[in-house]
Amino acid sequence: MTHLYDEPIDSRVDAAGWSIAWRDTDYRVQRVLGQWASPERPASAGEPPALRLYRVAVESADGPGIAEIAHLVPTDEWRMKRLWN
């Protein structure tokens with residue numbers, strides 16, 4: 001089941017790889033399934049996009065899932081958009 005959350009998460013990369021923490025649960029990112037960038041700024045502008053969206057396979061103590069997370073580049077904020085488990 002999925003819901004639209006749009007809630008803040010903690011995203012970190014360490015020696016073990018990429019993980020996210022949300023609602024007192026740690027999720028280890030197993031692989032990136034897709035990624036998209038906001039189209040507001042053309043690549044020729046030389047600036048990063050305002051938003052990057054990732055769909056990732058994750059694993060937690062509750063089992064596997066798919067998460068859609070957003071990175072708001074100007075503020076370096078990460079948000080959980082959707083979680084399928």
Side-chain angles (χ1 to χ4, degrees):
M1 179 171 208
T2 182
H3 297 282
L4 181 60
Y5 296 105
D6 196 29
E7 296 177 4
I9 61 173
D10 178 35
S11 173
R12 59 194 176 275
V13 177
D14 56 25
W18 185 11
S19 62
I20 57 176
W22 176 65
R23 291 188 176 182
D24 298 322
T25 302
D26 290 319
Y27 298 88
R28 176 70 50 198
V29 175
Q30 302 297 313
R31 71 177 188 262
V32 176
L33 303 172
Q35 59 180 312
W36 303 267
S38 60
E40 296 98 46
R41 296 181 185 146
S44 61
E47 296 181 32
L51 174 81
R52 289 196 182 276
L53 186 64
Y54 297 87
R55 185 167 291 166
V56 294
V58 294
E59 182 81 32
S60 73
D62 296 329
I66 303 291
E68 206 167 79
I69 57 178
H71 181 212
L72 288 77
V73 176
T75 60
D76 198 29
E77 181 182 0
W78 289 85
R79 302 192 64 85
M80 176 68 74
K81 299 304 247 176
R82 295 182 188 272
L83 179 66
W84 293 266
N85 52 4

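- A salt bridge (charged side-chain N to carboxylate O under 4.0 Å, His left out) check over residues 2-19, counting only residues at least two apart or in different chains, returns the pairs Asp6-Arg79, Asp6-Lys81, Glu7-Arg23, Asp10-Arg12, Arg12-Asp26, Asp14-Arg28.
- Both Val29 and Ile69 are part of a single hydrophobic cluster, where members link through side-chain heavy atoms under 4.5 Å apart.
- If you chain together hydrophobic residues whose side chains sit under 4.5 Å apart, Val32 and Val58 fall into the same group.
- Evaluation of the side chain to side chain donor-acceptor pair (under 3.5 Å) rule for Arg31 yields no partner, not counting sequence neighbours.
- Counting heavy atoms from C-beta on, the side chains of Ile9 and Tyr27 never come closer than 4.5 Å.
- Remark: Gln30 CD to Ile66 CD1 distance equals 10.0 Å, nearest 0.5 Å.
- Between the CG atom of Leu83 and the CG atom of Leu4 there is a distance of 12.0 Å, given to the nearest 0.5 Å.
- Not counting sequence neighbours, Ala61 has no partner by the side-chain contact (heavy atoms from CB on, under 4.5 Å) test.
- Every residue was checked against the salt bridge (charged side-chain N to carboxylate O under 4.0 Å, His left out) condition with Asp62, not counting sequence neighbours, and none meets it.
- Between Ser38 and Ala50, the closest heavy-atom pair is OG-N, 3.3 Å.
- Residue pairs meeting the side chain to side chain donor-acceptor pair (under 3.5 Å) criterion with at least one member in residues 63-75, sequence neighbours excluded, are Arg55-Glu68, His71-Asp76.
- By the salt bridge (charged side-chain N to carboxylate O under 4.0 Å, His left out) test, Glu59 pairs with no residue at all, sequence neighbours left out.
- Hydrophobic clustering (ILVMFWY, side-chain heavy atoms < 4.5 Å, transitive): Leu53 and Val56 are in distinct clusters.
- Under the 4.5 Å side-chain criterion, counting only non-hydrogen atoms from C-beta, Trp22 is not in contact with Trp78.
- Contacts of Ser11 classified as side chain to side chain donor-acceptor pair (under 3.5 Å), with partners at least two apart in sequence or in another chain: Trp18.
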